Amino acid sequence: MRQAADLAVAGKTVLVRSDFNVPLDHTGGLRAIGSGGSPQRQESVPPGQPSITDDGRIRAGLPTIRDLLHRGAGVIVCAHLGRPKGDDYAARAAGGPSLRPVAGRLAELLGQPVTLAGDVAGGSARVIAATMGPGEVAMLENVRFEPAETSKDDEVRGELAGRLAALADVYVGDGFGAMHRKHASVYDAPLLLPHAAGQLVMAEVNVLRQLTTSPARPYVVVLGGAKVSDKLAVIGNLVGQADRLLIAGGMAYTFLAAQGHQIGDSILQAEQIPQVAAVLADADKAGVEVVLPVDHVVADRFAADAQPEVVPGPDIPDGRMGLDIGPATSDLFARKLADAKTVFWNGPPGVFEFPAFAAGTLAVAEAISHVTGLTVVGGGDSAAAVRHLKLPPDAFTHISTGGGASLEYLEGRDLPGLAALEDGA
Ligand code: 3PG
Ligand code: MG
């Protein structure tokens, strides 16, 4: 894969596809912003103005943009935010979300103005592209305002890709978190311009390659998160690679149910039980140890102010739902991580956003931070948990910006965005 550093960019306009799909808070008021090891600071946000609750993905995209500017390029950032709804451009643009708060944050972090286009690849974007100079930065509006961005029709995507490519001389793909999407700005646009991978993509791929090519053993994988259906494919693949799978979070209750345990009112994907049972049988055959929670922190409802209770065994009574792993599970997971030489962690073990149910996530994060070896945190939620819990960023070898993208990479699937960048042009 050609790297952005190898492209001649002085005096050129570079279209940089970034993944700045950051979590937004729409409630307004006083919000903490900032992350990535810098001191948190408070900023007053008027009601109705969405604020960014975790800017880790914007920070992760800075090195590539700074380097291009430094080398005399003008940079046009293309990114998506959320999943805008509506049949056409006008409806989506009216409904939002706009990239305005992201452009504002990028300007703060770069310490220079970022011009936000009034559209994605229409008249406004064309005027900005035609008039920008070296060292200047602009951002296109949310690329998903264009329904063509996510179209399954190659021609429909191709038309938008053509308009995007016409804005620039060179394409740099740096949006690792969106590389698993066969979208116009991710897959089709790079094929129309000289293209290369940005620094974030190179770093992400480098680490994921280490996980998939002879990882040092024991290789321990910790999986959490709400939905087992999102993770079954990767779990199936990891059974052939990892030595131990520690399973927690909402998905663990479907595993416990598959083993015949009572899970009370905990989140359950009953239709997944046969597949989960099959994965457990495969793991058994392959000699892969699967470790499930042995106790829980429960409550009678899903709320920050619900009363936490420890259930000292794997079964959860009716009327209670599991919201975190219990202390015995935290200890067990720490022991199962102690001798690890490689760790991949995706998905929080508990509802860490509620302080009363954050202890399990913190314990797992701490246990992983003591591992000497390659430790990778993958996925927006686990990365956000690490920042939310204010763990030092150097506690892990790598915090991936990709959730679905890193899982699909570990599943062994080809990522369309990476394939397009690999294609020589
Ligand atoms: C993400 O946040 O996972 C990426 O930005 C991709 O977004 P998507 O899941 O809406 O395609
Ligand atoms: Mg996603």
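Note that this is a predicted model, so its numbers are computed, not measured. Whatever order the structure lists ligands and atoms in, that order sets their numbers, starting from 1.
The backbone N or O of Asp154 lies less than 3.5 Å from no partner atom in the side chain of Asp188, so there is not a single donor-acceptor pair. Judged by distance alone, the side chain of Asp174 and the main-chain N or O of Leu200 form a donor-acceptor pair under 3.5 Å. Judged by distance alone, the side chain of Ser98 and the main-chain N or O of Arg100 form a donor-acceptor pair under 3.5 Å.
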Do any side-chain atoms of residues 249-256 form donor-acceptor pairs under 3.5 angstrom with protein atoms, and if so which ones, sequence neighbours left out?
{"unit_1": "Tyr253", "atom_1": "OH", "unit_2": "Gly322", "atom_2": "O", "d": "3.2"}
{"unit_1": "Thr254", "atom_1": "OG1", "unit_2": "Gln269", "atom_2": "N", "d": "3.0"}

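Counting heavy atoms closer than 4.0 Å to ligand 1, residue His183 contributes nothing at all.
The shortest heavy-atom distance from His80 to ligand 1 is under 4.0 Å. Under a 4.0 Å heavy-atom criterion, Met179 is not in contact with ligand 1. The closest approach between a heavy atom of Gly177 and any atom of ligand 1 is below 4.0 Å.
Counting only N and O atoms by type, the side chains of Glu204 and Thr401 include a donor and acceptor under 3.5 Å apart. For the residue pair Thr64 and Gln199, no side-chain donor N or O sits within less than 3.5 Å of a side-chain acceptor on the partner.
The atoms of ligand 1 that sit less than 4.0 Å from any heavy atom of Arg144 are 7 (O), 8 (P), 10 (O), 11 (O). Which parts of ligand 1 touch Asp19 is read off a 4.0 Å heavy-atom cut-off, strictly below it: atoms 4 (C), 5 (O). Less than 4.0 angstrom separates some heavy atom of Arg181 from each of these atoms of ligand 1: 8 (P), 9 (O), 11 (O).
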